[in-house]
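Below is one structure, written out as structure tokens; the observations come after it.
Within every chain, numbering begins at 1; the chains are lettered A, B, ... in the order of the sequence lines, protein sequences first and strands thereafter. The model shown is predicted, which means the values in this text are computed figures rather than measured ones.
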Amino acid sequence: MSSHVYRPLFVVLAVIALILLARSFVVPPDFGIGERGFMYGFHRKSNEKEWEAFKVKFKTRQYCKDCHPEKYENIMSSKHRIIQCENCHGVAIDHPENPPKLVINKERSLCLRCHSYLPYPTSQRGKLKGIDPEKHNPEMQCVMCHNPHKPDMEGW
Amino acid sequence: MRQSRREFLKTVARGTIASALPLSAFKFLSPAEVRAATEVGKGDVRWGFLVDTYKCVGCGFCVKACKLENEVPYDTPVTRTWVERYVVLKNGRVLADTPDGARDGFIDPKVQEEEIKPEEISKAFFVPKLCNQCENPPCVQVCPVGATYQRADGVVLVDRSWCIGCGYCIMACPYGVRFFHPVYKVAEKCTFCIHRLVKGMNTACVDACPFGARKVGNLKDPNDPVTKVILTRRVAVLKPEYGTKPQVFYIGLDENVR
């Protein structure tokens with residue numbers, strides 16, 4: 001066969017070589033088939049470590065109890081012991097470095113998440129003590145009368 | 001056709017041996033199957049989730065904690081996990097809603113602006129939802145660039161530096177748990193808080209739940225309290241008909257939950 005047939009073939013081969021060369025630079029070396037096979041595991045392996053290194057911000061009460069033992073004991077002896085400190089006080093992140101002060105959420109709507117009465121007999125919600133937020137001292141903060149760390153007792 | 005005695009005997013012998021072979025000798029194994037069979041001991045963790053819908057009161061602390069923990073923009077209408085409210089009336093009507101994904105809980109007795117009389121309610125309950133970390137994740141199959149994948153422990157993740165934001169996976173998920181991240185402009189989903197699980201912690205939603213309605217556990221450990229419940233109690237999964245094999249199990253799931 002004459003050269004005018006081969007010439008385009010060389011061009012095609014050159015393009016393929018170029019693509020393969022570019023691919024070796026663009027695709028990370030740890031890209032491959034993971035433990036879940038080609039269909040579910042085709043990925044860049046180091047991304048798993050990147051996700052695992054994500055910062056923990058919600059530290060749970062285990063983080064609070066060493067510096068605030070009296071508050072911890074206080075809440076743990078009340079019915080509200082099931083609620084994490086950070087649900088009302090805000091996420092700790094690196095407290096006391098960052099943020100140096102946590103802002104307590106004293107809004108009515110925070111308490112109403114559980115204590116706005118909903119008449120749901122087949123859900124735990126119907127068994128919680130609740131109020132009608134439109135009738136029970138509207139516009140007032142719950143913490144004016146109720147101590148969230150001592151919910152059994154009225155007032156402070 | 002002419003055949004020598006030698007050739008005939010050879011063919012008969014070959015045929016007899018071939019017919020004696022079991023069919024399994026001709027089965028092609030996938031690389032994953034071979035690896036699973038040979039590398040014994042590897043991969044002894046499979047994360048799963050247990051939701052008790054009887055315990056959930058719809059406070060939404062899980063949603064709030066998830067958004068803050070995982071840096072999901074707080075005031076945008078996207079969330080990795082959410083809580084749905086179902087109110088089934090005595091006349092058979094089903095009302096459902098999830099205002100802001102229940103980030104601020106359920107305070108209003110009205111469902112979608114509709115006043116409901118307590119005596120009309122037949123049953124009402126809350127259903128927390130999150131990524132099912134399916135054994136056959138359809139969202140992973142459709143990714144054209146290999147940006148989303150499943151780890152050995154079953155958690156499906158998105159590689160933010162590799163995702164091109166085409167949105168196929170968002171459409172492929174039958175549970176609607178994926179969304180477009182407004183800041184990173186890539187597909188976003190629940191990671192089962194893998195950064196917490198590898199440190200021996202619980203997921204943020206599990207920690208934030210005051211009522212123990214959410215639990216996470218290792219399904220490959222028969223002594224794990226979550227696994228024990230799944231093995232011994234009656235649990236259900238969402239949309240089993242899709243064949244995705246979800247790994248989030250529900251206690252008290254209702255037929256009206258979609």
* **Top contributor to chain A interface from B:Thr191, B:Ile116, B:Val158 [non-hydrogen pairs under 4.5 Å]** => B:Val158
* Structure fact -> Max heavy-atom pairs within cutoff under 4.5 Å with chain A, candidates B:Glu119, B:Gln141, B:Arg160, goes to B:Gln141
* Looking only at heavy atoms, which of residues 46-58 of chain B get nearer than 4.5 Å to chain A? -> B:Tyr54, B:Lys55, B:Cys56, B:Val57, B:Gly58
* Using a cut-off of under 4.5 Å for heavy-atom pairs, which of A:Glu134, A:Arg125, A:Arg81, A:Arg44 has the most such pairs with chain B? -> A:Arg125
* How far apart are the C-alpha atoms of B:Arg151 and A:Trp51, what are their side-chain angles, what is the distance that settles it, and do they pass the side-chain contact (heavy atoms from CB on, under 4.5 Å) test? -> CA-CA 11 Å; B:Arg151 287 160 53 102; A:Trp51 275 113; 5.9 Å; no
* Structure fact -> CD of A:Glu48 to CD1 of B:Ile194, rounded to nearest 0.5 Å, is 8.5 Å
* Check whether more than 12 heavy atoms from other residues, nucleotides or ligands sit under 6.0 Å from atom NZ of A:Lys71, and answer yes or no. => no
* To do: Determine the minimum heavy-atom distance between A:Arg113 and B:Cys59, stating which atoms define it.
  => NH1-O, 2.7 Å
* B:Lys64, part contacting chain A, at a heavy-atom distance under 4.5 Å -> side chain
* Identify which part of B:Asn136 has an atom lying under 4.5 Å from any heavy atom of chain A, answering side chain, backbone, both or neither. => both
* Asked: Any idea which of B:Phe106, B:Trp162, B:Phe211 has the most non-hydrogen atom pairs under 4.5 angstrom with chain A?
  -> B:Trp162
* Under 4.5 Å from any heavy atom of chain A - which part of B:Val156 -> neither
* Structure fact -> Between B:Ala124 and A:Ser123 the two heavy atoms that sit nearest each other are O-CB, 3.4 Å
* Structure fact -> Scored by heavy-atom pairs under 4.5 Å with chain A, the best of B:Pro137, B:Gly60, B:Ala65, B:Gly105 is B:Pro137
* To the nearest 0.5 Å, what is the distance between CD (A:Gln62) and CE (B:Met201)? -> 9.5 Å
* Top of A:Lys127, A:Arg61, A:Glu52 for chain B proximity - count of heavy-atom pairs under 4.5 angstrom -> A:Glu52
* Is a salt bridge present between A:Lys55 and B:Glu71, judged by a nitrogen-to-oxygen distance below 4.0 Å? -> no
* So which residues of residues 15-27 of chain A are in contact with chain B at a heavy-atom cut-off of under 4.5 Å? -> A:Val26, A:Val27
* **Residues of residues 82-99 of chain A contacting chain B, heavy-atom criterion under 4.5 Å, by residue number** => A:Ile82, A:Ile83, A:Gln84, A:Asn87, A:Val91
* Are side-chain heavy atoms of B:Ile121 and A:Pro119 found at a separation under 4.5 Å? -> yes
* **A:His43 side chain near B:Asp159 side chain, heavy-atom distance below 4.5 Å** => no
* Asked: Does a sphere of radius 6.0 Å around CD in B:Glu113 hold more than 12 heavy atoms from other residues, nucleotides or ligands, not counting ones at 6.0 Å or beyond?
  -> no
* Asked: Would you say A:Lys129 has more than 12 foreign heavy atoms packed within less than 6.0 Å of its NZ?
  -> no
* Structure fact -> Heavy atoms of B:Glu69 and A:Phe54 approach each other most closely as O-CE2, 3.3 Å
* Heavy-atom pair of closest approach, residues A:Thr122 and B:Lys123 -> OG1-CB, 3.5 Å
* Within residues 84-96 of chain B, residues adjacent to chain A where the heavy-atom gap is under 4.5 Å -> B:Arg85, B:Val87
* Structure fact -> Looking only at heavy atoms, the pair that brings A:Phe31 and B:Val145 closest together is CZ-O, 3.8 Å
* To do: Examine whether an atom of B:Glu135 lies under 4.5 Å from a heavy atom of chain A, and if so say whether it belongs to the side chain, the backbone or both; otherwise answer neither.
  => both
* Asked: To the nearest 0.5 Å, how far apart are OH in A:Tyr40 and SG in B:Cys139?
  -> 9.5 Å
* Structure fact -> To the nearest 0.5 Å, atom NZ of A:Lys57 lies from atom CG of B:Leu68 at 9.0 Å
* Asked: Do you know which two heavy atoms are closest between A:Leu118 and B:Ile107, and how far apart they sit?
  -> CD2-O, 4.0 Å
* Is the backbone N or O of B:Tyr149 less than 3.5 Å from a side-chain atom of A:Arg36, with the two atoms forming a donor-acceptor pair by type? -> no
* With only heavy atoms counted, which part of A:Thr60 is less than 4.5 Å from chain B, the side chain, the backbone, both or neither? -> side chain
